Amino acid sequence: MEKIKVIVGDKSEQFERGTPIGEIFKKFDIKGAIGALVKPLEEIKKEEHKEELLKDSKATDSGIFDLHTPLEFSAEVKPIYKGSKEGLEIMRHTLAHILAQALSELYGRTNVHLGIGPTTENGFFYDVEIEGVHLKEEDLPKIEEKMKEIVKRDLPIERIELSREEAKKLFSELGEKYKLQIIDRIPEGEKITVYKQGDFIDLCKGPHLPSTGKVGEFKLSHIAGAYWLGRSDQPMLQRIYGVAFWTKKDLKNYLNFLEEVKKRDHRKLGRELEFFTIDNNIGAGLILWLPRGALYRKLLEDFLREEHYKRGYQFVYTPHVGKSVLWETSGHLEFYKENMFPPMEMDNETYFVKPMNCPFHIAIYKSKVRSYRELPLRFFELGTVYRYELSGVLHGLLRVRGFTQDDAHIICTEEQVEGEIKKALKFALDILKVFGFNEYKVYISTRPEKSVGDDHRWEVATNALIKAVTDLGLDYDIDEGGGAFYGPKIDIKVKDAIGRFWQLSTIQFDFNSPKGLT
RNA sequence: GCCGGCGUAGCUCAGUCGGCAGAGCGGGGGAUUUGUAAUCCCCAGGUCGCGGGUUCAAGUCCCGCCGCCGGCUCCA
């Protein structure tokens with residue numbers, strides 16, 4: 001049998017490959033662990049060459065394992081205990097399963113069809129379909145009671161590896177149609193594991209606690225609908241959300257925090273301070289700015305104008321509607337129509353309300369003969385646009401159907417591109433900083449399916465954006481296919497008081513329009 | 001769009017089996033003067049989101065519409 005080397009603390013020992021981590025800990029006389037932080041030795045070797053970033057905080061990157069899992073490679077293994085941050089992840093995951101078990105005991109195992117049950121930032125959820133049952137908020141206490149009962153039983157949790165055939169057989173017997181779909185999506189060669197607690201068995205890759213009694217404090221928070229796989233052509237499941245922490249105090253703190261956050265909700269403040277309102281008879285996602293809010297808005301706008309002026313932007317104003325030919329040449333009618341308000345007929349012409357300002361700014365560029373010496377040209381407008389958003393996604397002032405954006409278009413030469421992108425990005429971050437948005441995520445959004453232009457140009461443009469982001473020392477994620485139809489973009493999402501992220505600034509690279517300019 | 005919840009006085013909400021619209025806070029008036037938002041008394045009269053329908057009678061039941069809110073992968 002092949003041997004692996006395991007380091008725990010300052011000791012190390014040889015084990016047979018595939019020894020469960022729980023047994024390894026026994027050998028090292030470690031008691032009370034609920035999981036393990038595992039770092040492959042190979043990875044450590046790699047990182048040793050890159051300074052000393054092997055601090056505890058970084059270690060979470062390499063993986064949280066439970067005690068049931070056999071260790072298949074040489075690694076450094078650190079025990080995780082109750083009360084630890086890493087342990088929360090395991091505990092919450094187990095709670096999701098306890099929730100599933102509670103549901104199956106309440107409504108009958110074969111009536112409950114489980115979707116996915118992952119952890120969240122502060123808890124967990126499980127997506128389920130229950131035959132003939134529409135859960136209501138009032139059902140939550142009952143479910144919570146059942147969960148507590150299961151916790152009290154302190155059921156040992158087992159991990160079992162199954163072959164693909166065994167797994168399929170098991171889950172089709174249980175009527176788990178969604179789990180069967182998941183099994184089909186598991187790549188060939190990857191292990192299929194199930195976890196069992198008492199009579200309840202569920203497809204899961206872990207990690208889980210050693211037993212149900214080891215969970216912390218939790219509360220089911222709310223129910224919402226959620227499409228299976230997040231796709232609107234799939235059935236709608238019922239998602240049950242819960243929050244969970246190790247101690248009552250932490251849970252209470254979090255619930256208090258949510259209360260505090262509610263008090264600071266911009267929709268509540270907007271009403272109380274008489275900043276804005278929404279009227280049934282005007283329409284969804286259409287905002288009325290009340291005098292006090294308008295004054296506040298004016299101050300913001302003045303500030304923005306000033307900042308743009310300082311950075312060499314020229315101010316322009318453009319109409320709210322334009323003929324269809326404009327939107328045909330811009331490509332909006334081909335690629336953005338589902339987000340546009342429907343057409344208006346007038347004088348044998350079709351007009352559209354603008355969803356974007358770009359075609360107008362380009363028309364301004366084209367309004368006279370230009371010399372390359374003028375470049376870069378930076379046109380800026382507080383442009384009001386209208387977009388058709390799904391009614392269900394509208395949200396206060398943050399997701400609306402009509403809004404005014406501080407929108408600028410920079411027309412420049414290829415040589416100027418990099419510098420301009422960096423300047424614009426820096427500008428956006430500086431503005432966010434003024435308003436205290438220090439926590440944000442940067443995304444590079446790449447080519448979507450429906451888009452124009454050749455691959456090579458897309459690649460060059462995308463790389464230019466990545467370079468700008470990394471040159472400014474920012475971390476970023478790739479939003480695959482999230483770009484605009486005419487080019488890739490840098491999106492900046494900022495965190496609100498509740499921890500939700502909202503996209504504010506975006507810097508887009510349009511290399512297609514210039515061709516249409518000549 | 002879809003699933004679920006909601007829409008009653010300025011705000012937060014109560015209105016059970018359908019029968020003459022209520023409370024607290026705020027606001028207005030008065031009293032008191034003692035202590036940091038919350039002392040006492042009085043008052044306020046709102047198309048019960050909108051439009052249909054059922055009924056002797058609807059905030060309460062049915063249908064349609066409008067709007068708001070929670071969510072719609074943080075992958076087994």
Side-chain angles (χ1 to χ4, degrees), chain A residues 89 92-93 96-97 100 113-130 133-140 159-162 164 167-168 170-171 176-187 190-195 201-208 220-243 258 262-263 265-274 276-288 290 338-339 388-401 441 477 498-501:
Chain A
E89 181 80 14
R92 287 169 175 162
H93 201 176
H97 275 228
H113 309 303
L114 300 170
I116 58 169
T119 59
T120 63
E121 204 176 327
N122 295 296
F124 58 95
F125 68 75
Y126 219 120
D127 284 350
V128 298
E129 177 182 282
I130 307 175
V133 179
H134 276 292
L135 291 173
K136 291 183 189 147
E137 302 270 333
E138 299 94 78
D139 296 321
L140 293 182
R159 176 181 185 276
I160 305 165
E161 287 181 19
L162 295 181
R164 190 168 295 258
K168 279 193 169 182
L170 173 66
F171 288 101
E176 291 287 17
K177 46 187 173 181
Y178 300 110
K179 294 292 184 186
L180 286 172
Q181 288 184 38
I182 294 169
I183 292 171
D184 284 335
R185 295 215 316 268
I186 297 175
E190 208 169 290
K191 275 183 188 165
I192 297 179
T193 56
V194 298
Y195 279 78
I201 193 159
D202 189 14
L203 179 73
C204 185
K205 65 179 172 190
H208 281 291
L220 296 182
S221 52
H222 60 290
I223 301 179
Y227 288 115
W228 170 236
L229 303 177
R231 290 189 356 216
S232 55
D233 57 344
Q234 294 291 324
M236 175 73 62
L237 307 183
Q238 309 185 66
R239 174 169 298 181
I240 303 170
Y241 281 93
V243 293
L258 289 186
K262 259 191 200 164
K263 291 181 196 163
D265 189 312
H266 83 277
R267 293 164 300 188
K268 181 176 156 70
L269 293 173
R271 185 177 55 236
E272 287 171 355
L273 298 172
E274 294 184 11
F276 73 94
T277 187
I278 296 166
D279 187 303
N280 281 2
N281 295 322
I282 290 175
L286 300 171
I287 306 299
L288 291 173
L290 306 174
E338 46 304 356
N339 289 300
Y388 174 74
E389 299 278 359
L390 293 177
S391 59
V393 305
L394 300 172
H395 181 102
L397 288 183
L398 295 180
R399 195 75 187 268
V400 291
R401 284 185 176 158
K441 288 185 188 168
D477 288 316
I498 318 179
R500 291 173 299 194
F501 281 88

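What you are looking at is a predicted structure, and each value in this text was computed from that prediction instead of being measured. Labels below follow one simple rule: chain letters A, B, ... track the order of the sequence lines, proteins then strands, and each chain is numbered from 1.
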### Query
If the C1' atom of rC13(B) is compared with that of rG7(B), how far apart are they to the nearest Å?
12 Å
### Nearest to side-chain heavy atoms of Cys204(A), which nucleotide of rA76(B), rG67(B), rG70(B)
rA76(B)
### Task
With heavy atoms under 4.0 Å as the rule, sort Tyr388(A) into base, sugar-phosphate or nothing.
sugar-phosphate
#### Entry: Donor-acceptor pair between Tyr126(A) and Asp202(A) side chains, under 3.5 angstrom
yes
### Task
Scan Gly206(A) against the nucleic acid and name what it touches under 4.0 Å (heavy atoms): base, sugar-phosphate only, or nothing.
nothing
#### Entry: Phosphate contact (rC72(B) OP1 or OP2) by Tyr241(A) side-chain N/O below 4.0 Å
yes
### G-U wobble or Watson-Crick pairing nucleotide for rA14(B) (cut-off 3.5 Å, both distances)
none
#### Entry: Closest-nucleotide 5' rank along RNA chain B - winner of Gly285(A) and Ile182(A)
Gly285(A)
### Task
Take atom C1' in rG52(B) and the same atom in rU12(B), then report the distance between them in whole Å.
31 Å
### Query
Once you round it to whole Å, what is the distance between C1' of rC3(B) and NE2 of His222(A)?
13 Å
### Query
Between Arg159(A) and rA76(B), is there a side-chain N or O to OP1/OP2 distance below 4.0 Å?
no
### Query
Does the pair Lys177(A) and Phe171(A) meet the rule for a side-chain contact (heavy atoms from CB on, under 4.5 Å), with working shown?
CA-CA 7 Å; Lys177(A) 46 187 173 181; Phe171(A) 288 101; over 6 Å; no
### Task
Mind checking Glu190(A) for me? I need base, sugar-phosphate or nothing, with any heavy atom below 4.0 Å counting as a touch.
base
### Message
Side-chain N or O of Thr119(A) versus OP1/OP2 of rC74(B): is the shortest distance under 4.0 Å?
### Response
no
### Task
Test the Arg92(A)-Phe124(A) pair against the cation-pi criterion, namely NZ or CZ under 6.0 angstrom from the six-membered ring centroid and within 45° of the ring axis.
no
### For atom CD of Glu274(A) and atom P of rC11(B), their distance in whole Å
10 Å
### P spacing across the pair rA58(B) / rC50(B), given as an integer number of angstrom
15 Å
### Given rA76(B), rU12(B), rG70(B), the nucleotide with the shortest approach to the side chain of Leu203(A)
rA76(B)
### Task
Can you tell me, in whole Å, how much space there is between the C1' of rA21(B) and that of rA57(B)?
15 Å
### Query
When all nucleic acid strands are considered with a 4.0 Å heavy-atom cut-off, which category describes Gly396(A): base, sugar-phosphate, or nothing?
sugar-phosphate
### Query
Roughly how many Å is it from CG in Leu229(A) to P in rA76(B), rounded to a whole number?
12 Å
### Query
For rA9(B), what is the paired nucleotide under Watson-Crick or G-U wobble rules, both distances under 3.5 Å?
none
### Options rG1(B), rG71(B), rC68(B), nucleotide nearest the side-chain atoms of Arg401(A)
rG1(B)
### Task
Report the C-alpha separation of Trp228(A) and Gln181(A) in whole Å, then their side-chain angles, then the decisive distance to 0.1 Å, and conclude whether the side chain to side chain donor-acceptor pair (under 3.5 Å) test is met.
CA-CA 11 Å; Trp228(A) 170 236; Gln181(A) 288 184 38; 2.8 Å; yes
### Task
Can you check whether any acceptor in the base of rG1(B) is under 3.5 Å from a donor in the side chain of Tyr227(A), or vice versa?
yes
### Closest to side chain of Arg271(A), choosing from rC11(B), rA76(B), rC68(B)
rC11(B)
### Message
Assuming nearest nucleotide by heavy-atom distance, tell me which of Ala226(A) and Glu137(A) is located more 5' along RNA chain B.
### Response
Glu137(A)
### Query
Looking at the side chain of His395(A), which of rA76(B), rG70(B), rC11(B) is the nearest nucleotide?
rG70(B)
### Message
Students often mix this up, so state it plainly: with edges at 30° and 60°, are the rings of His113(A) and Tyr178(A) parallel, tilted or perpendicular?
### Response
perpendicular
### Nearest-0.5 Å distance, NZ of residue Lys205(A) to CD1 of residue Ile182(A)
10.0 Å
### Task
For nucleotides rC65(B) and rG46(B), find the distance between their P atoms and express it as a whole number of Å.
31 Å
### Task
Find the distance Ile183(A):CD1 to rA76(B):P and express it as a whole number of Å.
14 Å
### Task
Check if the side chain of Glu176(A) and the base of rA76(B) share a donor-acceptor pair of N or O atoms closer than 3.5 Å.
no
### Query
Quick one: which of rA76(B), rG70(B), rG1(B) gets closest to the side chain of Lys179(A)?
rA76(B)
#### Entry: Selected nucleotide, minimal atom distance to His134(A) side chain, candidates rC72(B), rG67(B), rC3(B)
rC3(B)
### Task
Under 4.0 Å between any heavy atoms, over every strand shown, what does Lys191(A) touch: base, sugar-phosphate, or nothing? Just pick one.
base
### Query
From the list rC68(B), rG1(B), rA76(B), which nucleotide is the closest neighbour of the side chain of Val393(A)?
rG1(B)
### Message
Pairing check on rG1(B): which nucleotide meets the Watson-Crick or G-U wobble criteria with it, both distances under 3.5 Å?
### Response
rC72(B)
### Task
First locate atom CG of Leu286(A), then atom CG of Asn281(A), and finally report the distance between them rounded to the nearest 0.5 Å.
12.0 Å
### Query
Is there a donor N/O on one and an acceptor N/O on the other, under 3.5 Å, for the side chain of Arg185(A) and the base of rC75(B)?
yes
### Task
For rG49(B) and rG29(B), measure between their P atoms and round to the nearest Å.
31 Å
### Query
Quick one: which of rC11(B), rA76(B), rC74(B) gets closest to the side chain of Phe125(A)?
rC74(B)
#### Entry: Aromatic plane relationship, His222(A) with Tyr241(A) - under 30° parallel, 30 to 60° tilted, over 60° perpendicular
parallel
### Query
In the strands shown, is rU47(B) matched to any nucleotide by a Watson-Crick or G-U wobble pair with both distances under 3.5 Å, and which?
none
### Query
How close or far is atom P of rC65(B) from atom CG of Asp279(A), stated in whole angstroms?
20 Å
### Task
Could you give me the CA-CA distance, side-chain angles and deciding distance for Glu161(A) and Thr193(A), then say whether side chain to side chain donor-acceptor pair (under 3.5 Å) is met?
CA-CA 4 Å; Glu161(A) 287 181 19; Thr193(A) 56; over 6 Å; no
### Query
Looking only at atom P, what distance separates rU34(B) and rG27(B), rounded to whole Å?
23 Å
### Message
Under 4.0 Å, counting only non-hydrogen atoms across every strand here, what does Leu114(A) touch: a base, just sugar-phosphate, or nothing?
### Response
nothing
### Message
Check Glu389(A) with Arg401(A), please: is the shortest side-chain N to carboxylate O separation under 4.0 Å?
### Response
no
### Summary
Checking N1-N3 plus N6-O4 or O6-N4 for Watson-Crick, or N1-O2 and O6-N3 for wobble, each under 3.5 Å, the partner of rA58(B) is none
### Query
So, is His97(A) near the phosphate of rA76(B), with a side-chain N or O under 4.0 Å from OP1 or OP2?
no
## Note on the structure
Rounded to whole Å, the CZ-C1' distance (Arg267(A) to rU12(B)) equals 16 Å
### Message
Please determine whether a side-chain nitrogen or oxygen atom of Arg231(A) lies at a distance below 4.0 Å from atom OP1 or OP2 of rG1(B).
### Response
no
### Message
Measuring from the side chain of Leu394(A) (C-beta onward, heavy atoms only), which nucleotide among rC68(B), rU12(B), rC72(B) has the closest atom?
### Response
rC68(B)
### Task
Considering only atom P, compute the distance from rG45(B) to rU60(B) and round it to an integer number of Å.
25 Å
### Task
For Ile186(A) and rA76(B), give me the distance from atom CD1 to atom P, rounded to whole Å.
10 Å
### Task
Rounded off to whole Å, could you give me the CG-to-P distance for the Asn280(A) and rC66(B) pair?
11 Å
